[in-house]
Amino acid sequence: MKFYIETVGCQMNALDSELAAAALISNGWERLATRKDADLVIFNTCSVREHAEEKIYSALGRLKHWKTQKPGSLIAVMGCMAQKDKGVVFQRAPYVDIVVGPGRLDQLVELVNLAIATGEPQLAVSLDRFQRRDMPRETRESFRQFDPIRLPETRPRVFQAMVRIMFGCDKFCSYCVVPSARGPEQCRPPRDILEEVKTLADQGCLEITLLGQTVNSYRYVEDGKTTRLAELLEMIDRVPGIRRVRFVSSYPTDMTDELLAAVRDLPTSTPYLHVPAQHGDNGVLQRMRRRYSVEEYKELVDRIYETIPGAAITSDFIVGFCGETEEEFQRTIDLVRYARFKNSFIFKYSERPGNEASKRYADDVPEEVKKRRNNELLAVQNEISAELNRRFLGETVEILVEGPSKREARSVAQEETLYAECETQEDASPTRDADNFTSLDALVSTGSSSNTQLTGRTPCDRIVVFNGSTTLTGTFQRVRITDTAPFTLFGELAD
C-alpha cells in the first residue's frame, strides 16, 4: 500500500506530516512523491486563514474523480482544519474517508486500517476546548502527544530535523485558532526531548529546530525541579554531533535574560530569534489580546541586541485588524523601522469564526486597504533587509550547505520580485518562520552535480547562494559574500 501527504501551514504541520509518514512506513506503507499511484492521499491542513481552508476543500473536490477511478483508495484530512470542522468535512466532501485532528494523530494508522476493513468513514478529534470548559482535565487528555520513531527517510534533509518540545497554546490571542485547534499548553519531559535529540544525532543530524507555539514558554516541573528553555538548551548543547540549535516561535514576554544569555554563550545555539510583534500600536495589541505593550517590545529588542552580538530578529505582523486606523498602521511601520528586523512575515487579517475577535469586533477594514497596507509595510521591511544584508558584503560566513539552489536562473532583481509576489499570497500563514522561504526554491531548476548553484544558511538564518559541488551538501563551509539582495546573500567558497 502506498500513500502521499500534502502539507500546508506552519512548521508544526510539517513535523506532523513527517511523524505521520514515519508511523505509516513503520506499519508497512510506502511513501510516494506524487499522489498519482497512491492508495491513500492525506491532506495536512491549516486553519489560520480562510483561504487556506478553501484551497483544501477545492483540492478535495478535484480528488473525487480520482477516487471513483481507483476503487479502494482512501482520502484522509488531518491537521487544524480537521479539528476545527470535524464532521463538517464529511458533509462538504462526502468522499473523504478519515478526519483526524492534530491531538489524535496517534490513531492515524488504526483509523486507516478501520477505513479499509469497514469501508466506513472514520473520525477522531479532540474535545472542543471552549464548549467543554467543565471538563478541563478530560479536554487536556484528549489532545494526545504524538512522537513516534524518527525515520531519516521521512525528513527533507537527513542532517536537519525539527523537535517538538511542547504542544498547544494558552495565550488566547483574539485572532488565533491555535488554542482551539491544538489544545492546552503541554510541555514534554526534558528526558524525552533529550533522548529524541540523541537519536537524531545518531542518524546524522547536525541541526535541530525546537518547536512550540510559544516555544520560549517551555516549563516542565518534575520532583520539585523546574526546567525551562535555557536549561533545555544547555542539555542539548552537550549532545555529541549536534552543531546548531534554533527555536521558534517565541512570545515576547517569555524572553528572559537567562534565555538570551544561553543563546549568547552556548556554542550550538544560533543568534536567530523569531519573536512575533503582530502590531505596533498599543490599542490594537489590546484588541488582539497580546500581553505586552509596544514599549515593552522595544525594550526586548534592545535587550536582544545588547546581549547577543550580531543577533537576527524576525517578526510577524497582521495588517488590517479590526478597527485599525491609518495612525495605528503607521505605528507598526515605526516599530519595524525601530527594531530593524532581518525580515518580517506580513499578513492581511483574516477573520476566523469562533474566536474572540470574530465575536467582539467587526472585520471593518476594506480589502483594498488591507492590501495597500500589506504592500507598504513590506516595502519598508524590504528596504531594511537590503541594508542589513549589504553589511555582509566582503565578509566570510560559515554556512550549513542544504543542497542545490533552485533559483539558478534568477537574477537578483528577479529574486526580489519573486519574494514580494510570494509574500503577498493569500495562503500565507502567520505561524511560519524564515525556514518556510525555502518554498521559493521550487520556482527554479537545479544545476549540474560538479559545479552547481548551492544554497545554505548562516547561524543567523540568512540564505547564502554559491557555486560548488553537490557533494558539499550536509557539510559546513566558509563562503565569502560577493553580492547581496534583501533576502539572499551570494558568494564563493572561501577555502
Side-chain angles (χ1 to χ4, degrees), residues 11 14 18 33 152-162 200-201 203-209 241-246 268 270-272 310 312 314 342-343 385-386 388-419 421-423 432-495:
Q11 285 184 310
E18 178 194 329
E153 61 266 33
T154 62
R155 297 197 294 274
R157 303 180 185 96
V158 173
F159 51 89
Q160 292 175 315
M162 294 175 286
L200 292 168
Q203 294 174 353
C205 187
L206 301 172
E207 178 184 86
I208 64 169
T209 300
I242 299 298
R243 293 276 301 275
R244 283 185 183 176
V245 180
R246 67 180 84 242
T268 57
T270 58
Y272 162 70
T314 59
K342 178 177 79 73
N343 52 269
S385 299
L388 292 176
N389 274 0
R390 281 195 293 270
R391 297 179 182 180
F392 286 85
L393 197 61
E395 291 191 10
T396 297
V397 298
E398 182 185 68
I399 67 166
L400 174 58
V401 183
E402 296 182 345
S405 168
K406 299 177 184 177
R407 299 184 232 187
E408 201 158 5
R410 304 282 178 179
S411 67
V412 171
Q414 287 173 317
E415 185 266 337
E416 293 171 4
T417 302
L418 282 170
Y419 179 87
E421 290 172 351
C422 290
E423 190 57 10
R432 64 180 180 163
D433 82 327
D435 283 346
N436 292 82
F437 280 108
T438 55
S439 61
L440 286 174
D441 290 348
L443 296 171
V444 229
S445 62
T446 62
S448 66
S449 61
S450 59
N451 188 28
T452 189
Q453 195 176 71
L454 303 176
T455 185
R457 289 177 189 263
T458 66
C460 59
D461 202 56
R462 284 179 164 85
I463 299 172
V464 180
V465 174
F466 67 101
N467 287 333
S469 169
T470 54
T471 59
L472 298 177
T473 300
T475 67
F476 288 91
Q477 300 293 327
R478 296 171 68 247
V479 175
R480 184 182 300 109
I481 303 305
T482 58
D483 200 359
T484 67
F487 306 97
T488 307
L489 305 177
F490 301 89
E492 58 188 15
L493 285 170
D495 300 325

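- Judged purely by distance below 3.5 Å, without hydrogens or angles, the side chains of Glu402 and Gln160 pair a donor atom with an acceptor atom.
- For Lys342 (side chain) and Asn389 (main-chain N/O), no donor-acceptor pair under 3.5 Å exists by modelled atom type.
- Between Leu472 and Leu454 there is a side-chain heavy-atom pair separated by less than 4.5 Å.
- Contact detail for Ile242 and Cys205: the closest heavy-atom pair is CD1-O, 3.5 Å.
- Here the CE-CG distance, from Met162 to Leu200, works out to 11.0 Å after rounding to the nearest 0.5 Å.
- The nearest pair of heavy atoms linking Pro459 to Thr270 is O-CB, 3.2 Å.
- Minimum interatomic distance between Ser385 and Pro486 (heavy atoms only, all atoms of both residues): CB-O, 3.4 Å.
- The minimum heavy-atom distance linking Gly310 with Cys460 is given by the pair O-CB, 4.3 Å.
- A pairwise comparison of heavy atoms in Thr484 and Arg390 identifies OG1-CG, 3.5 Å as the closest pair.
- To the nearest 0.5 angstrom, Arg457 atom CZ is 4.0 Å from Ile463 atom CD1.
- By the 4.0 Å N-to-carboxylate-O rule, Arg480 lies close enough to Glu492 to be salt-bridged with it.
- Checking side-chain atoms of Thr209 against main-chain N and O of Arg246 turns up no donor-acceptor pair under 3.5 Å.
- In summary, of the residues considered (Thr455, Thr482, Val479), a side chain to side chain contact (heavy atoms under 4.5 Å, CB included) with Phe466 occurs for Val479 alone.
- Between Thr475 and Gln477, some side-chain heavy-atom pair lies under the 4.5 Å cut-off.
- No donor-acceptor pair closer than 3.5 Å links the side chain of Asp483 to the backbone N or O of Phe490.
- Arg243 has no carboxylate O lying under 4.0 Å from a charged side-chain N of Glu207, or vice versa, which leaves the two without a salt bridge.
- A pairwise comparison of heavy atoms in Arg478 and Thr396 identifies NH2-CG2, 3.7 Å as the closest pair.
- Residues Leu206 and Leu400 have side chains in contact (heavy-atom distance under 4.5 Å, counting atoms from C-beta outward).
- Side-chain atoms of Tyr272 and Thr458 form no donor-acceptor pair, as typed in the model, at a separation below 3.5 Å.
- The structure places CZ of Phe487 at 6.0 Å from CG of Asn343, a figure rounded to the nearest 0.5 Å.
- Formation of a donor-acceptor pair under 3.5 Å by the Arg155 side chain with backbone atoms of Glu18 is not found in this model.
- Between Gln453 and Asn467 there is a side-chain heavy-atom pair separated by less than 4.5 Å.
- Judged by distance alone, the side chain of Thr473 and the main-chain N or O of Thr470 form a donor-acceptor pair under 3.5 Å.
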